[in-house]
A.B. asks: 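This is the structure, below, for whatever I ask next.
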Amino acid sequence: MLSAVSRNPTNFPVTSHLRFAASRLNWRLLYSAAPPIDTLATTLRPFPEYSPKRPTIQDAELVQNLTTTLKQRRSDPLRRVLSPFLPRLRPQHLIWAFSHLRSHPALALSLLHCYRRRARHVPLEAQAIAAHLALASGRVGAARQFLRQGLTSHRDFVEQVIYTFRHWSSDPFVFDLLFRIAVELGRLDDARSLFDRLTFFGVIISVDSCNAFLSHLAIDAVLKTFVELPLRGVRWNAASYNIVIRALCRAGKLGEAREFLLKMESEGGILPDVISYSTIIDGYCQAGDLPTAYELFDEMRTRGLKPNEFTFNSIISLLCHSDMAAKAEMVLLEMLNQGVAPDSAVYTTLISGFCKNGNISAVYRFVDDMKSRGLAPDAATYTALICGFCRCGMIVEAERLFDEMLRKGLNPDEFTYTAMVDGYCKNGRMHDAFRLHDEMLKNGLSPNVVTYTALTDGLCKHGDVEAANELLHEICGKGLELNVCTFNSLINGLCKSGNLEQALKTMSDMEAAGLSPDAFTYTTLMDAYCKSGDITRAHCLLSEMLDRKINPTIVTFNVLMNGFCIAGMLEDGKRLLEWMLEKKIMPNAATYNSLLKHYGMEKNMKVVTEIYRGMCARRVMPDESTYNILILGHCKARNMKEACYFHSELTARGFSLRADTYNALIEGLCRKKRFVEARRLFEEMQDAGFLADKKIYDLFIDLSYNEGNFELTLEFCDEAIEKHLIGTKADES
DNA sequence: TTAGGGTTAG
């Protein structure tokens, strides 16, 4: 052994079985070649000598008896065989015993196991030796465990592994494992120190482990390390380049990522692969840049690389997030045409996209489709479905899916629970939301900032801003960091409860905490000013956000539009709409609804019709509010023909009437003596759980009385009394 | 150790 060490430039005890193991397992541990830098080569030093203490005659006898007993053991239980020795064993006996058991590593580890059970503690040196022995007997899992325990239990463990290496080890792979475990534990500085320390002994960590290290670093450290490690002998591979590309994309440095893709080939001599292109395509998709994503898609094909399900999914995801779910489905067909089979991730993206769209029938179609391809919905698919159903108010269906998941043995994770918690919050079921929060804790899951934001928002919308504030203080005390969404929820709650001053203070707190307000923050505050009639301050906030380079969204403009309308500045509202169209800012139904509503309230149906036609001409789809506004306006202007036309349109599109629209429509029909239709709508309104106005009851009471139907008259009277309406009438008379 | 899907705010 020693002669082998002296012949080896790095002083490793190289044995033939080690070389065999390294090649068999494809461990690219570069230990025999000198590092590329001369200066480094001159500083190479041997591993430290290991000199175990010499045992006394009694100790030697004890160890001899112990190890002989172990070797001769056949079927007797180990604990019984060892029981006479264990009470007398000290840590040093363990290490002497290891010396006797070098060719029986399994027995050495069993001895260690029994010792640990009794002493509940293993000395650091024995722990390091155990890792070497475990690796020698091919037990990589056990070696990992020893190294992990050692690393987490003592700062000097690395030194022990180095110190014991020369005498006990036959395998430098132990350092690769140690390095990897340090990375897994997030101890990146320790990992780097280990790397540097090992280079002095001529050990170079494998490129695979260096990649693991690289993938955990922040962008600046990635770039620095990518330059430094080759100077220490690491030769990067395609995965390394892909990790750098991913890091650049995540840092938003897409141009640099693209340059790096070129460098990969020109300077690294490594051809970009499907992963390189998929990574960079996803980067552009995340940034919403579809044209460049498609350009790279074509480029990869030109280079003979076939886009796979990952590549397609990034494109599908961007389309879904840009409200182009139908186009996303066309991409699915395209991938099928090209012989690329979609996997459950692709289906989950589509399901999530169509859920956001409210297209539940398409969602069911995708679920059937994926099942027919033998793809079982996984936790992410279920979460997308649960979230989608919750958004559509289908909480019972969401609960059914949550139970189904459990029955199928799929464990709901933080994402699933949070989707369900949010669903309950949005449906005002705060008690159920907190019940699930407690259930998460009971199941060992940690509610995260998203979970708490959902709860905060629920409490605020439930009118309990105080409780929301307390909850946030509590979670901050537990070390959870709030994000912009959390603050925005609270700011919104404060605004809606009329505490604008506190809302502004919360914005300052948020900045003090290092979080910049975004378009949501400004839009929320602008809305509060608009609703309080202070359009000037709303305008000031708009200027402030533009100065801070925060882009307004369509909601920002809608808030402003609504502000103009509330303030009776309808002409300014119309001018804002024209300005938006000029600037190619596409209005949506909500933009038009504000104008339609307020012109309708003024019974100016000529302008309402003009605006509505403009909306249709620009292919902006009217929503439920649009139809309700149009019906209400036409009823008030006594245009029952138009009102009934829009009512039939609303029904055909599956929308519902609101209470005020029902009242206006029923009143209008009665005025036109269309009592049968009025009566039918009145019943429909009650079935929908709405309370009719006192005026409507008066109309039906008078109507039935004049018809001589006293029974019905009394029925209406009873109902009106029950709804506490008669008292108001008496007060009036 | 390298690529894609599911949770929060106006």
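Only heavy atoms go into these numbers, but all of them, side chains included; no hydrogens, no water, no symmetry mates.
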A.B. asks: For Asn308(A), which contact category applies under a 4.0 Å heavy-atom criterion: base, sugar-phosphate, or nothing?
C.D. replies: base
A.B. asks: Classify the nucleic acid contact of Asn558(A) as base, sugar-phosphate or nothing, counting any heavy atom under 4.0 Å across all strands shown.
C.D. replies: nothing
A.B. asks: Across the strands shown, which category fits Thr418(A) at heavy-atom distances under 4.0 angstrom: base, sugar-phosphate, nothing?
C.D. replies: base
A.B. asks: Contact class for Thr456(A) (heavy atom, under 4.0 Å): base, sugar-phosphate, or nothing?
C.D. replies: nothing
A.B. asks: With a 4.0 Å cut-off on N to O distance, would you call Lys505(A) and Glu501(A) a salt bridge?
C.D. replies: no
A.B. asks: Give one of base, sugar-phosphate or nothing for Thr524(A), where a contact means two heavy atoms less than 4.0 Å apart.
C.D. replies: sugar-phosphate
A.B. asks: Answer yes or no: is there an ion pair linking Arg400(A) with Glu404(A), defined by an N-O contact shorter than 4.0 Å?
C.D. replies: yes
A.B. asks: Can you confirm if the aromatic rings of Tyr452(A) and His437(A) lie within a centre distance of less than 6.0 Å?
C.D. replies: yes
A.B. asks: Give me the ring orientation class for Phe226(A) and Trp236(A): parallel if the planes are under 30° apart, tilted from 30 to 60°, perpendicular past 60°.
C.D. replies: parallel
A.B. asks: Using a 4.0 Å cut-off to any heavy atom of chain A, which nucleotides of DNA chain B are the first and last in contact, reading 5' to 3'?
C.D. replies: dT1(B) to dG10(B)
A.B. asks: Does Val346(A) reach a base, just sugar-phosphate, or nothing at all? Heavy atoms under 4.0 Å.
C.D. replies: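 The answer is base, as Val346(A) lies within the cut-off (heavy atoms under 4.0 Å) of a base atom.
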A.B. asks: What does Ser276(A) touch in the nucleic acid at a heavy-atom separation under 4.0 angstrom: a base, only the sugar-phosphate, or nothing?
C.D. replies: nothing
A.B. asks: Does CE belonging to Met586(A) count more than 12 external heavy atoms closer than 6.0 Å?
C.D. replies: yes
A.B. asks: For Thr451(A), report the nucleic acid contact type (base, sugar-phosphate, nothing); a contact means any heavy atom under 4.0 Å.
C.D. replies: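 No contact at all - Thr451(A) keeps every heavy atom at 4.0 Å or more from the nucleic acid.
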A.B. asks: Answer yes if the ring centres of Tyr417(A) and Phe402(A) are under 6.0 angstrom apart, and no otherwise.
C.D. replies: yes
A.B. asks: Categorize Thr349(A) for me: base, sugar-phosphate, or nothing, with a 4.0 angstrom heavy-atom threshold over every strand shown.
C.D. replies: sugar-phosphate
A.B. asks: Tell me what Thr381(A) touches on the nucleic acid: a base, only sugar-phosphate, or nothing, going by heavy atoms under 4.0 Å.
C.D. replies: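 If one applies the 4.0 Å heavy-atom cut-off, Thr381(A) turns out to touch a base.
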A.B. asks: Counting any heavy atom closer than 4.0 Å, what does Thr521(A) reach on the DNA or RNA strands: base, sugar-phosphate only, or nothing?
C.D. replies: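 If one applies the 4.0 Å heavy-atom cut-off, Thr521(A) turns out to touch nothing in the nucleic acid.
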A.B. asks: List the residues meeting ring-ring contact (aromatic ring centres under 6.0 Å, His included) with Phe195(A), not counting sequence neighbours, and say none if there are none.
C.D. replies: none
